[in-house]
Every structure is written in structure tokens, then in C-alpha cells.
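Step one of this worksheet: look at the structure below.
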Amino acid sequence: MVILITLIAAVICSVVEIFFNLEERNTKNIIKVVLLNIASVLPFTFAILLYVFKFEHFIDSSSYGKIDYILVLLVGILVGILTQTVLALLRGRLVFDKADEIKHKHLRRLVILVACACVFFGVFAAVGTSWGKEAFGDVTGDQLIINLTSPTEGTEASVYTSGIEGPVLLSVFALVAFGIVLLTRFKLVYIYKNERITVLKDSLKKILCLLFSFLVLLYGVRIGVRGFKLKDVFKSYFLKSNFIEENYVDPLEAKIEFPEKKRNLIHIYLESMENSYLSKELGGYLNENIIPELADLGHEGTVFSDTDNYFGGPQQGTGTQWSLASMVNQLTGLPMKAPGLHNSYGADGSFLPGANTLGELLESLGYEQTCMIGASAKFGGLDYLYSTHGNWKMMDYNYAKKNNLIPSDYKVWWGFEDEKLFEFAKDEITRLYKTGKPFNFTMETADTHRPGGYISPGSDTPYKSHYANALYNSSKDVYEFVKWIQKQPFYENTTIVLIGDHLSMDTEFFEEYKFDSSYHRTQYNVIINPAPGVATKDYNITNNRLWSNWDYFPTIVASIGGKIEGERLGIGTNLFSGKKTVYEEYGLNYVNKELQKGSDFYNTHILGVENLKDALSKKK
């Protein structure tokens with residue numbers, strides 16, 4: 001059917017050419033025109049349908065509907081018109097002539113300025129959305145706004161490079177090409193039987209260019225709104241919800257009892273680590289388990305799953321699905337929401353100044369605390385998150401250079417690779433233990449970050465996929481690190497928390513392994529060696545749970561022996577308790593929709609600096 005409709009488009013174009021462009025209408029010339037149109041319209045139309053409109057095929061039309069067929073016809077006719085125009089120019093039947101005198105110069109300049117701006121921003125929105133989705137995965141509007149308004153120092157260089165080579169350059173090229181057509185003054189004259197007919201005046205050309213620029217802008221905005229879910233951003237600024245305020249429990253106001261002997265905590269964020277990488281028998285998507293060591297560690301502790309399978313994980317809640325947001329969730333029990341008009345994350349040296357976190361809680365109990373990452377902690381304001389919430393020692397890429405852990409000119413991946421990270425972590429954990437105080441050590445891996453991950457020289461590469469090999473080696477590295485911890489004298493009194501910080505953004509991997517979009521991807525998670533009496537094998541507590549990253553805050557507190565009255569901190573619920581999470585109590589869709597809306601409580605008392613205690617007392 002697609003082929004038939006394309007042929008019809010070619011015939012329509014042939015009829016137009018025969019009656020309006022063919023001077024000698026004899027059988028030979030008519031057949032020549034028809035064949036030429038078919039030869040040009042069919043291949044170019046099929047190419048546009050396949051590569052621009054992403055048609056899967058054109059021979060089997062069983063999956064296409066009326067709209068698709070109308071699109072085929074329109075594309076075919078457009079290709080035919082463009083072909084005839086090019087041929088007319090080449091044959092001298094359509095010629096450029098000197099434009100008429102300029103009238104309304106100021107209006108002309110305004111048209112040029114508006115049209116160029118529309119084309120640039122329209123192309124940038126369309127190409128930028130495509131680049132952003134490919135580079136970072138399912139980026140949401142709130143993440144986009146937060147990243148744009150937060151410090152960006154420490155970003156891996158390839159992010160800037162691909163951004164410049166992609167959206168920026170393509171937008172500039174499109175603007176230059178459009179500008180040449182728009183600024184060049186000419187009129188088109190059609191020569192037919194020795195008559196010169198003006199078919200396009202310069203003024204009309206500019207009007208058509210202006211209309212075209214509006215269409216480009218509308219198309220780009222439409223792509224951006226859908227791709228980045230900007231409707232949710234609209235909700236965050238123009239719709240209000242009291243959900244957070246009504247369900248929030250201040251961690252420092254909550255009644256929490258800890259045992260006299262405080263338990264150590266080692267909290268490891270595993271970059272982009274998913275249950276998807278497990279074999280299908282284990283609840284993953286792949287035929288072969290490419291993270292076997294993490295699967296083994298999972299069976300050593302407690303895994304909270306959203307399914308009947310042993311392995312499962314949290315839901316993708318609003319404000320959870322990137323590294324910094326995940327840390328905010330698990331430190332505060334809150335989503336990371338788009339800032340209000342007068343708020344920001346880290347730009348003014350503070351970060352969620354009204355939030356009381358795991359850092360403050362453990363600091364009040366006398367814990368020594370360290371956070372270690374292989375990149376710069378300045379990115380996104382991460383250093384402010386930790387430095388303003390508990391007496392943390394921040395060991396990042398900049399710290400490593402300053403303290404001669406690595407050469408001053410050393411730069412691998414986002415800073416330094418996980419191979420070094422784990423060695424530095426062993427030294428720091430040993431130091432923390434020797435202080436004689438309970439300690440809280442947090443770290444985040446990076447070798448499995450997009451694009452493609454990083455593989456240290458000499459590592460095993462059993463798979464064709466570079467990213468699969470990065471995941472495979474990360475699994476081994478984490479396993480060896482955990483086994484080292486378990487051999488240390490402090491292990492008996494230490495809880496280990498492993499969790500994928502968010503779903504992977506390496507889109508090429510999922511395309512390569514042909515992931516079905518209906519497969520529900522979840523973050524890997526396991527809590528090993530929790531406090532005595534906390535671990536549970538109760539299927540109703542560990543499986544078929546609806547939870548998100550913020551529920552890990554009270555769950556971690558419980559895992560080190562904290563008994564929480566009410567079992568809630570922030571809006572998170574202690575999963576070990578079996579008490580319903582906000583998702584289980586109110587429903588997944590309802591909670592996400594409420595969290596997408598703006599929260600005066602969050603903007604004023606969490607992101608802002610007004611006294612949180614007074615706000616909570618007023619609420620009561």
C-alpha cells in the first residue's frame with residue numbers, strides 16, 4: 001500500500017508537470033516525464049519515511065493507518081515538487097532574477113531577526129532533545145532545570161564535547177543555511193514559451209521563510225516538551241500540593257532510639273547498577289547474568305523487591321533518577337524537586353538548608369563521616385550537600401590531587417577510576433575505624449557511568465559490548481571490596497548498604513541488547529549484615545513492595561539499629577517494618593502527580609531558610 005500511494009504521488013506530480021511545464025506534449029515526452037518522476041519520487045520518499053519518520057518498512061503495510069498513508073502521499077508530492085524545481089533550475093526554465101527595490105526596511109529587519117531566532121531555537125530544541133535523551137536517557141524537566149541552575153564544575157569533558165558537536169553545531173549550520181536563503185535578495189522567474197512569469201517575489205519569499213521558521217520552532221518545542229516532560233515543570237510552578245507537608249516527619253524531631261554501642265555504616269552507591277543486567281531466571285532481562293558477583297552479594301543480605309522475584313527494586317519516583325537526586329533522597333527522605341523562583345541548589349553555598357539529614361542525625365550521635373567519589377564534588381553542588389549537613393570529610397578528585405593521592409595532572413574518566421577509588425576507600429575506612437568512634441563511610445562508583453563506561457587496562461572483556469564489560473568488571477570490583485570489608489575486625493558491627501543510584505542512561509546498551517520497553521527496569525539493592533533482629537525473610541515485607549529511594553533513609557537508620565517511632569523519616573518509610581510506604585498508602589500515580597506539583601513547604605522550609613521546626617509545629 002505504501003508503494004502504491006507513493007506511485008500515486010509520482011503520477012500526480014507527473015500530471016502537474018505535463019500540463020504546466022511540458023511544452024511539447026507527445027507520447028515520448030509524457031512517458032519520459034512519468035518515468036523520471038517515479039524514479040525520483042520513490043527512492044527519496046522511502047528514504048525520508050525510513051530515516052526521518054522512522055517507518056520500519058514499506059513493503060508490508062499491515063501495521064499502518066490512515067494518518068500514515070496521508071503522510072506518505074504528502075511526502076511523495078513534496079519530493080516530486082522539489083525534484084521538478086531542481087530540474088527546472090538546471091534546465092534554465094526557472095531562473096533567479098534581481099529583486100525589486102526594498103520597502104519597509106525596518107519591518108524586513110524584524111522579520112529576519114525573528115525568523116533566524118525561531119529557526120535556531122527550534123532546531124536546537126529538536127536536536128538538543130534527541131541528544132539529551134541519547135546521552136542521558138529519560139531526563140525529566142526537573143532534572144534539566146536543576147542541572148542548569150546548579151554548579152557544573154567537574155563534568156566529564158565528553159559531555160561538553162558531544163553537546164557542542166551535536167545540538168550547537170547543527171543549530172548553527174541550520175541557521176547559516178536558512179540565513180543564506182533569507183538574506184539573499186532575489187525573485188524566481190519561470191520561463192514558459194518565451195514568457196517570463198514571476199513565481200516568487202523576494203517579499204513573498206521572506207514571508208514564507210518566516211512561516212517556515214514558526215513551524216520549525218513549534219516542532220522543536222513540541223519535541224522538547226514531550227521528550228523532557230516539560231508539562232511536569234509547568235505543574236511544579238503553577239500547581240500546588242500539600243502532600244510533602246502533610247506526610248513529612250523531621251528526622252531530628254522524630255523519636256529514634258539507638259543501641260548504646262553504635263553500629264558502623266558503609267553506604268555504597270553503585271553508578272547505574274540495575275537488576276536488568278541479571279539473567280532472566282533471576283528477574284533480569286539478559287540471557288546471561290553479567291553481574292554474577294552482585295547477584296551473590298544479593299543473596300547474602302536483604303533485598304527489597306517490587307515483584308515476586310528475589311531481585312527487584314524501587315520505583316522511579318519524581319526527583320529520584322540521577323546521581324545527586326538519589327543521594328538527596330537517601331540522605332533526607334525527600335524527592336529532589338525543581339527549585340522555586342527564588343531558590344537554588346548549591347549556587348549560593350548552601351544546599352537544602354532546611355533539611356535535616358542522615359548526616360546531622362549521625363553527627364549528633366558522635367559518628368565520624370566521610371564521603372568519597374572519583375569525580376569533582378563541586379558538580380551539581382554535591383560538596384555543599386555534605387558540607388552543610390553533618391561534619392563530613394569530602395574526599396573527591398580535587399582532594400586526591402591536593403593530598404598527593406594522584407598526580408596533579410592526573411585525569412581518567414570523570415577524575416580517577418574505581419580501581420583507585422576502592423584502594424583509597426580501604427585506607428580511609430581503616431583510618432575511620434582507628435579513631436575508635438562509630439563511622440559512616442559513603443562512596444559512589446563511576447566506572448559504569450555513561451557513555452559506555454570505563455574499563456581499567458588489563459581487565460577482562462568477555463562481551464562484545466564495552467558497557468557490558470564495564471558492568472561485569474564493576475561487579476567483580478564491588479564483590480572484592482565487600483569481601484575485604486567482611487575480613488576486617490570491625491565487620492561484625494558494620495552494616496553494608498549497596499544500591500544502584502539510578503537507572504542507567506547508556507541508551508546504546510539497551511538498544512544493542514534490544515530491551516523491550518515494557519520491561520520494568522529497577523535499581524539493584526541489598527543491605528548486608530544489618531543490626532541483630534532487623535533482617536527478615538518475611539516474603540510480605542521484602543517482596544511486592546512499592547517504594548522509592550527516599551524510603552531507604554529510614555530503612556538505613558533501622559539497619560544500624562535505630563528504632564523509629566512511627567517508622568517514617570522525611571516521607572520515607574522503614575521497609576524492614578512492613579509498614580506501608582507513601583506509594584503503598586496513596587498509590588504510585590497519585591503520589592508522583594502530587595510530587596510533580598509545587599510545594600510551598602518544600603520551597604520555603606526545605607530549599608529555603610525559614611525555620612523548619614516552626615513550620616512543623618504550625619502544621620500540628
Side-chain angles (χ1 to χ4, degrees), residues 138-151 221 224-251 315-322 324-348 350-357 380-381 384-385 388-389 502 548-551 553 568-572 581-583 585-620:
D138 195 21
V139 178
T140 57
D142 51 359
Q143 180 181 353
L144 185 67
I145 289 176
I146 290 168
N147 287 343
L148 289 174
T149 57
S150 300
V221 169
V225 167
R226 295 181 64 181
F228 290 124
K229 302 175 185 175
L230 295 182
K231 287 182 180 179
D232 296 343
V233 176
F234 174 86
K235 294 176 185 177
S236 70
Y237 286 104
F238 296 99
L239 299 179
K240 299 297 181 182
S241 170
N242 293 325
F243 182 84
I244 293 178
E245 180 179 2
E246 292 170 353
N247 291 277
Y248 182 78
V249 174
D250 182 4
Q315 304 298 309
Q316 296 182 63
T318 299
T320 65
Q321 284 302 306
W322 66 101
L324 183 57
S326 184
M327 288 186 170
V328 167
N329 305 151
Q330 296 177 53
L331 280 169
T332 69
L334 287 165
M336 191 173 181
K337 292 174 60 62
L341 297 176
H342 304 292
N343 307 114
S344 65
Y345 288 94
D348 60 355
S350 64
F351 200 107
L352 293 171
N356 291 320
T357 73
Y384 297 126
L385 170 62
T388 60
H389 292 286
H502 53 74
S548 196
N549 290 341
W550 50 70
D551 292 304
F553 177 19
R568 178 167 289 171
L569 298 176
I571 64 167
T581 66
V582 290
Y583 276 155
E585 185 176 350
Y586 298 102
L588 180 68
N589 291 333
Y590 174 80
V591 172
N592 280 339
K593 286 180 180 179
E594 289 301 300
L595 293 180
Q596 287 166 3
K597 299 175 184 177
S599 168
D600 291 335
F601 174 81
Y602 189 94
N603 285 330
T604 303
H605 304 293
I606 303 297
L607 257 174
V609 294
E610 292 191 21
N611 191 281
L612 178 62
K613 185 176 181 180
D614 290 344
L616 292 172
S617 64
K618 289 178 183 178
K619 184 185 78 169
K620 295 175 182 177

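The main-chain N or O of A355 is found under 3.5 Å from a side-chain atom of H389 such that the two form a donor-acceptor pair. Checking side-chain atoms of S326 against main-chain N and O of W322 turns up no donor-acceptor pair under 3.5 Å. Under a 3.5 Å cut-off, the side chain of T604 and the backbone N or O of F601 do not form any donor-acceptor pair. Between the side chain of N549 and the backbone N or O of A325 there is no donor-acceptor pair closer than 3.5 Å. Distance alone, capped at 3.5 Å, is enough to place a donor-acceptor pair between the K337 side chain and the L595 backbone.
Put simply, the side chain of T318 does not reach to within 4.5 Å of the side chain of S548, judged on heavy atoms. A 4.5 Å side-chain heavy-atom check between L607 and F351 finds every atom pair outside the cut-off. V328 places none of its side-chain heavy atoms less than 4.5 Å from the side chain of W550. Annotation: side chain of F553 is not in contact with side chain of L334 (no heavy-atom distance under 4.5 Å). With contacts defined as side-chain heavy-atom distances shorter than 4.5 Å, the pair E245/Y602 does not qualify. Side-chain contact check for L239 versus Q596: every heavy-atom pair is 4.5 Å or farther apart. Put simply, the side chain of L324 reaches to within 4.5 Å of the side chain of M336, judged on heavy atoms.
Between atom CG of residue L331 and atom CG of residue L352 there is a gap of 10.0 Å, rounded to the nearest 0.5 Å. Atom CD of Q330 sits about 12.5 Å away from atom OG1 of T357, to the nearest 0.5 Å. Here N242 contributes atom CG and D600 contributes atom CG; the two are 7.5 Å apart, rounded to the nearest 0.5 Å. Atom OG of residue S599 and atom NE2 of residue H605 lie 9.0 Å apart, to the nearest 0.5 angstrom.
Of all non-hydrogen atoms in D250 and N356, the two that sit nearest each other are OD1-ND2, 2.8 Å. Considering every non-hydrogen atom in both N329 and G319, the closest pair reads ND2-O, 3.1 Å. Listed here is the closest heavy atom pair of R568 and N247: CD-O, 3.4 Å.
For Y590 and Y583, the distance between ring centers is not under 6.0 angstrom.
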CA sep, side-chain torsions, deciding dist, call: T581, E585, side chain to side chain donor-acceptor pair (under 3.5 Å): CA-CA 6 Å; T581 66; E585 185 176 350; over 6 Å; no
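With salt bridges taken as basic N to acidic carboxylate O contacts below 4.0 Å, none links K240 and E594.
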